Each structure stands twice: as C-alpha cells, then as structure tokens.
Amino acid sequence: MKIATWNINGVKARLETSLSWLSEARPDIVCLQEIKSVDEGFPASAFEELGYHVETHGQKGFNGVAILSLEKPVDVNRGLPGDPSDEQARYIEAVFETSASPLRVGGLYLPNGNPLGTEKFDYKLRWMDRLHAHARACLAREERFMLLGDYNVIPDPVDARNPAAWTQDALFQPESRQAFRALVNLGFTEAVRATSDMPGVYSFWDYQAGAWQKNNGIRIDHILLAPEASDRLTSVGIDAHVRGWEKPSDHVPVWVELSV
DNA sequence: ATGCCTTGTCGCACAAGA
C-alpha cells in the first residue's frame with residue numbers, strides 16, 4: 001500500500017499536474033495540503049474519475065487540506081484538536097479498515113511561522129504543541145498510525161542545500177526543530193531518514209531565483225510512522241522529478257509503501 | 001539589503017508563502 005503527501009499550492013492551479021501525478025504514481029492514499037479552496041469549490045469529480053474518494057477540509061483563499069483514497073475511509077475527522085478558536089484548515093484525519101488493525105492517516109499543514117518575533121511564530125509553536133498532544137493520544141490507540149504532511153520544519157542542516165540562509169527563518173529555528181524532534185521522539189519513525197542519511201534530499205524548491213535549477217532545496221515534507229506502521233515499511237520515495245513539470249507546485253510528493 | 005515567483009482575492013495591488 002502506497003501512501004503519499006503533497007503540498008500542491010492550489011488545487012485549481014494544479015489540477016492537471018496533480019491528475020498527471022496520480023495517474024503515474026497511483027498512491028492508495030494521498031494527503032494534500034494548501035488546496036486553497038473551500039470544500040464546495042474542490043474539483044472532486046476530476047479526482048473521482050481517476051477512482052479516488054475525496055475528503056476535504058477547506059478554507060477560502062489559503063491553507064486547506066484533503067485526503068484522497070482508492071478505498072473509502074470509515075471515519076474522517078477535520079481540524080486539529082486543542083483550540084476551538086483556531087479557524088485555519090490545517091489538519092484532516094481518515095481511518096481505513098484493513099485486514100488487521102485500523103490504518104489511521106493524519107494529513108497536516110503545519111504553520112509557516114514567519115516572520116520571527118510575531119504572533120505567527122507563536123502560533124506555529126502552539127500548533128506544534130497541539131499536534132504533539134494529539135499524536136500522543138493517537139499513538140496510545142496502538143493502531144497503524146501515520147502523520148504525513150508539510151511540517152514547515154527543516155529538521156537538520158543536512159536537510160538544506162544552504163543551511164546558513166535559513167538561520168533567521170521560522171522553518172529552521174531551534175524551537176521549531178526541537179518541537180519536531182520531541183514529536184518524533186514520542187515513538188515515530190521518520191520515513192526518509194530511517195532509510196537514508198544522504199545529503200541533497202529535498203522536498204521543496206522555491207519558485208524564485210532559479211532554486212530548482214540550482215538544486216537549492218530544503219526537506220520540509222515528512223512522513224512519521226507509528227511502530228505498528230513502521231514495522232511494515234518497505235520503501236520510501238520523493239518524486240522530485242515532478243518539480244520539473246509544467247506548472248509545478250514548489251513542493252513535490254513524498255511517499256511510503258507499507259506491506260499490508 | 002531586498003526581491004527574485006506563484007496563487008488567490010468581491011484583483012486592477014496586495015497578502016502569504018518559505
């Protein structure tokens with residue numbers, strides 16, 4: 001079973017590109033971020049024609065997440081618990097029946113947090129605290145649980161082509177990195193780094209200044225696997241070639257395969 | 001040093017992204 005995450009930077013602007021990738025990669029489940037659409041505006045029928053069931057948690061203009069799946073989920077939860085006043089659409093979770101224990105998939109779009117010294121960075125850290133608490137609760141279920149998405153965190157210097165350029169950025173702050181480590185240390189396996197310590201592995205290249213052509217990238221899209229899922233990990237991939245397509249997102253798909 | 005692009009918006013410039 002192939003499960004992927006991809007920040008598509010606008011579902012309407014990325015419709016043809018995302019349909020092309022789905023046709024090529026055929027993931028069983030994909031978590032999408034930055035759909036930048038309300039639920040009613042999401043072009044669900046185009047994805048349904050490819051065989052995908054569509055669950056969205058949208059918002060006008062910004063943010064917005066979705067889960068597409070070949071099998072229909074048995075349960076869907078929208079929004080990250082812990083702050084009823086938070087109106088930003090950044091989390092969606094779906095549960096799938098398997099022959100063994102349930103598969104619980106959380107798709108997240110973690111706040112960017114820039115610029116530093118503003119309430120945006122505070123919001124990022126508070127959101128990470130809420131994610132930590134929710135992840136802990138989900139792990140206690142002892143299901144095949146995984147958290148995929150755009151974490152907006154560069155975990156380590158090796159995860160940036162030019163780490164010095166990010167020292168004043170929310171994505172690479174000690175607080176952001178510490179919170180990410182604390183999340184992983186709840187008991188997750190970070191899929192990419194479980195399989196490779198190679199430098200030059202990125203999931204995002206800025207649109208500006210020829211970042212893709214120079215391979216000036218960062219690795220900020222991650223897949224965290226609970227033990228019940230990581231025990232079944234068979235392969236990990238980053239579809240970097242998609243960044244070179246016409247009308248690309250600035251992020252590319254990251255995926256895992258599990259033996260289920 | 002800043003902006004470099006891209007997207008969406010009650011567009012005709014701006015916010016937000018990272």
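All figures in this text were calculated on a predicted structure; none of them were measured in a lab. Note that these values count all heavy atoms, side chains included, but never hydrogens, waters or copies made by symmetry. In what follows, chains carry the letters A, B, and so on, assigned in the order in which the sequence lines appear, proteins first and then strands, with residues in each chain numbered from 1.
As a whole-Å value, the separation of Asn216(A) CG from dG3(B) P is 18 Å. With rounding to whole Å, Trp205(A) atom CH2 is found 17 Å from dT6(B) atom C1'. Here the C1' atom of nucleotide dC5(B) and the NZ atom of Lys214(A) are 13 Å apart, to the nearest Å. Computed from coordinates, the Ile8(A) CD1 to dT6(B) C1' distance equals 14 Å when rounded to whole Å. Between Lys60(A) atom NZ and dC10(B) atom C1' the separation is 7 Å, expressed in whole Å.
Within the structure, every pair that satisfies the salt bridge (Lys or Arg N to Asp or Glu O under 4.0 Å) test and touches residues 59-81 of chain A, not counting sequence neighbours, is listed here: Glu55(A)-Arg78(A).
Nearer to the 5' terminus of DNA chain B, by closest-nucleotide assignment, is the contact made by Ala209(A) (compared with the other of Ala209(A) and Ser37(A)).
Only the P atoms considered, dC12(B) is 26 Å distant from dT2(B), to the nearest whole Å. Atom name P, nucleotides dA16(B) and dC10(B): the rounded distance is 13 Å, in whole Å. Separating the C1' atom of dA1(B) from that of dA13(B) is a span of 23 Å, rounded to the nearest Å. The C1' atoms of dG11(B) and dT6(B) are separated by 15 Å, rounded to the nearest whole Å.
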Heteroatom pairs (N/O) under 3.5 angstrom, protein to nucleotides 15-18 of chain B:
| residue | atom | partner | partner atom | Å |
| --- | --- | --- | --- | --- |
| dA18(B) | OP1 | Glu34(A) | OE1 | 2.9 |
| dA18(B) | OP1 | Asp150(A) | OD2 | 3.4 |
| dA18(B) | OP1 | His251(A) | NE2 | 3.3 |
| dA18(B) | OP2 | Tyr109(A) | OH | 2.9 |
| dA18(B) | OP2 | Asn152(A) | ND2 | 3.0 |
| dA18(B) | N9 | Asn112(A) | ND2 | 3.4 |
| dA18(B) | N7 | Asn112(A) | ND2 | 3.2 |

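Ion pairing between a basic and an acidic side chain is recognised when a charged N comes within 4.0 Å of a carboxylate O; Arg144(A) and Asp231(A) show no such pairing.
Grouped with Val38(A) in a hydrophobic cluster is no other residue, since no side-chain heavy-atom contact under 4.5 Å to another Ile, Leu, Val, Met, Phe, Trp or Tyr is found.
For the pair Arg90(A) and Tyr109(A), the cation sits on the ring face: its NZ or CZ lies under 6.0 Å from the ring centre, inside 45° of the axis.
Dashed line: the shortest gap from a side-chain N or O of Arg14(A) to OP1 or OP2 of dT6(B) is not under 4.0 Å.
A donor-acceptor pair under 3.5 Å is formed between the side chain of Asp28(A) and the backbone N or O of Lys2(A).
In this structure, the separation between NZ on Lys247(A) and CG on Leu15(A) is 10.5 Å, given to the nearest 0.5 Å.
Taking the ring centroids of His134(A) and Tyr91(A), they lie under the 6.0 Å cut-off.
Ala13(A) comes within 4.0 angstrom of the backbone, heavy atoms only, and of no base.
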